[in-house]
Structures are given as structure tokens and as C-alpha cells.
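Order of appearance sets the numbers: ligands from 1, and atoms from 1 within every ligand.
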Amino acid sequence: MKGVVQRSTGSWYRVLCDDGVSRDLRVAGKVRLHELNTTNPIAVGDEVTVSTRENGGEKMIEDISPRQNYIIRQSPKKRGARHILAANLDQVILLVTLAHPRTSTGFIDRCLLTSAAYHIPVVLLFNKQDLLDPDSKIGKQQQEYVAYYRSMGYDVLETSAVESTGIQALEDVAKDKRSLLIGHSGVGKSSLLNALDPSLDLRTKEISKKYSKGVHTTTFAEMFPLPFGGEIIDAPGIKEFGVVDFDKGEVSTYMADFLPYVDHCKFANCLHVNEPNCAVYEAVLSGDIAEWRYINYLRILEDIDEAKAW
Ligand code: GDP
Ligand code: ZN
């Protein structure tokens, strides 16, 4: 029997099996794990084979199918270690807010870069529209970002979980796909999941604050089937999105706004930092590439240097 991992807690995995039953299973000792050197050898979204032997033994995960794709990031717990966020994805839904809390474009761009390198499309979702005055500084900033990311070819949605705006557009995007939902804690992931499927009745942050400290709040990724088809994997509270396994030279090739210029630099191996006659840098000076994108690019190169030092 096959199944899909819905939740992973380390030694136990919740598997939605082909017979429609969710089971908490352990991994048989003989399972050959993929050699990715990660802190979690089996990830949410993995397809597994479950043993059906009934001779008194418990059901166990016996094999993991090869992954179509996966997203890896630096482990939040262990510096230098890698952690698979989720496997076998159709898309990433990147949920951000420019206020309450503020998501930086640096975080957005790291996430876009990682997804592009894994060939996974991203839908960018700006939530909490109800809090935003379009004429305020932040309101104008958001309009700039939305237009810029759209011009790069990204699908961008604007939603409010509180006023239920943009929810139908989100449903259209999520329908019949397996999406990984990424965003800082507090941007409204649980609220939007509840808006998509009220029967989920997920706890949102404000409510959980009222409970005592003892209440268990999950820090594990979890897959939710959607009533209209498809699944969303909620990856709670991502603070940082460390870029792993990149060569500095390939970063610009995943940035759609840099791409028209990279072949016009004087040096074929130009990193667009301080080389002479750099077409990318000239595009920044002329305003064709946004300055904030270029700054984020330089920081990503620094991240890679840092990661290599470990
Ligand atoms: P999560 O940590 O990403 O799951 O965020 P939650 O869904 O728990 O939401 C965090 C807080 O933001 C809660 O107090 C929500 O009520 C609030 N919130 C979520 N979406 C919106 C929105 O669209 N507008 C406003 N004003 N508040 C929102
Ligand atoms: Zn260059």
C-alpha cells in the first residue's frame, strides 16, 4: 500500500494511506534513505510504501519513492545542517505582509531564488490588505513591489483574511495542486487556511495567546487536503530562508530581471559586484533593475560566502 506523508515529528510519521486512513507509522530499519545529508530523511509530501503484513507486527514505512522535487533550507536548529521543508510540490505560495509583521524583500527574494533553482513556481501573496492605506508610504511600496514582481512574471495576489477578499483567487490558485505555504509567523497562514476550509478550524495566533503556556503549538510542517481538491502544506513560522547549495555565479541566472543583462557584461564570469563594464550594474544605475533587488542580490552572495565558510 502507498501513502503520502502528511506530518513528520521525527520518529513518527502521519501517513495518509491509499485506503483513505491516516496512520502514525514508524520507519522499518531496513529502509534505504536518500543520501541528502539532512536532519529529516523523510519529509512531508514524500510518497511512501507501507507494509501490509498483518502477522502481529505493526504497519511500517518500508520504502520512499524517488522525489519529483523538494525544497531544502538550512536547518533552523543546527547551523550548517540541512532540512527538507517538503517534497513533491506543484508550487510554493509565499505569504507576506509589509506591516504587522514586516516581511523584507530579502526574505522574498531568497525564497524566489530557492524555488527557481528547484524549478518550483511561486505565487506571491500579500495579505492584510485591510490594514493598508494605499496612499501611505507602505501602501505605495507594496504597489511598487507588486508591479515589479508581476513584471518578472510572478503571479501576485492581494488578500485579506479578515475581510475575505481575494480568497476566491487563492482558491483558484490552490485548486488541484500541492502547494507549500511559506511565510513568517503572524502573516496569516492559519487565517487563510481557515478561509479556504472553515472545517479546519486552525488556531490563529491571537487565540492561542489566551491559552496558558502549556498549550502545545505545533512547529511541524503539516499537509491539509482542500475540500475543492489539492493540498496545502503549512510550514509554520519560517524566520529565515537560508540559501544552500548555490554557486555565486548561478544566482543571477535565477533572477528574471537580471537575465536580459547577464550576457552583456564584459566578462563571461562576471558576478556583477564590482567588475568593469557590468551590464547588470548599468541596468541598476539606469533604474531598469530595482536597487533593492540588487542589494538583496549582493546579500545573497554574502550568504553563500558565509555558508561555504562552515
Ligand atoms: P500565522 O502565524 O501565519 O498562521 O498567522 P495567523 O493566521 O495566526 O494570524 C496572525 C494574526 O494576524 C491573527 O491575529 C490574525 O487574526 C491576524 N490576521 C490574519 N490575516 C489577517 C488579515 O488579512 N487582516 C488583518 N487585519 N489581520 C489578519
Ligand atoms: Zn556583470
Fill in: Nearest neighbour of atom 1 (P) of ligand 1 from the list H100, K128, K189, on a heavy-atom basis
K189
Worksheet item: Do S160 and D130 get their side chains close enough for a donor-acceptor pair, meaning under 3.5 Å?
Response: yes
Practice prompt. Check T204 against ligand 1 and report side chain, backbone, both or neither, counting heavy atoms closer than 4.0 Å.
Written response: both
Worksheet item: What residues, two or more places apart in sequence or in another chain, satisfy side-chain hydrogen bond (donor to acceptor under 3.5 Å, both in side chains) together with N127?
Response: T159
Fill in: For L131, atoms of ligand 1 separated by under 4.0 Å from a heavy atom
26 (N)
Worksheet item: Between D130 and ligand 1, which residue portion shows a heavy-atom distance shorter than 4.0 Å: side chain, backbone, both, or neither?
Response: side chain
Fill in: Any residue meeting salt bridge (Lys or Arg N to Asp or Glu O under 4.0 Å) with D24, in chain and number order, not counting sequence neighbours
R14
Item to complete: Given ring pair (Phe, Tyr, Trp, His ring centres under 6.0 Å), test Y281 with Y294 step by step and report yes or no.
Response: CA-CA 8 Å; Y281 190 66; Y294 184 63; 5.7 Å; yes
Discussion item. Tell me whether E58 is salt-bridged to R26, with the criterion being a basic N under 4.0 Å from an acidic carboxylate O.
Written reply: yes
Worksheet item: Would you call K248-D305 a salt bridge at under 4.0 Å N-O?
Response: yes
Worksheet item: Does S191, backbone or side chain, put an N or O under 3.5 Å from an N or O of ligand 1?
Response: yes
Item to complete: Only one of W292, Y254, Y149 passes side-chain hydrogen bond (donor to acceptor under 3.5 Å, both in side chains) with D109; say which it is.
Response: Y149
Item to complete: Salt-bridge test for D257 and R293: reply yes if a basic N is under 4.0 Å from a carboxylate O, no otherwise.
Response: yes
Worksheet item: Can you find a non-hydrogen atom of G183 under 4.0 Å from ligand 1?
Response: no
Worksheet item: Counting no waters, how many protein N/O/S atoms sit under 2.8 Å from the Zn ion (ligand 2)?
Response: 4
Worksheet, complete the sentence: Residue pairs passing the salt bridge (charged side-chain N to carboxylate O under 4.0 Å, His left out) test with at least one member in residues 163-180, sequence neighbours excluded, are R178-E231
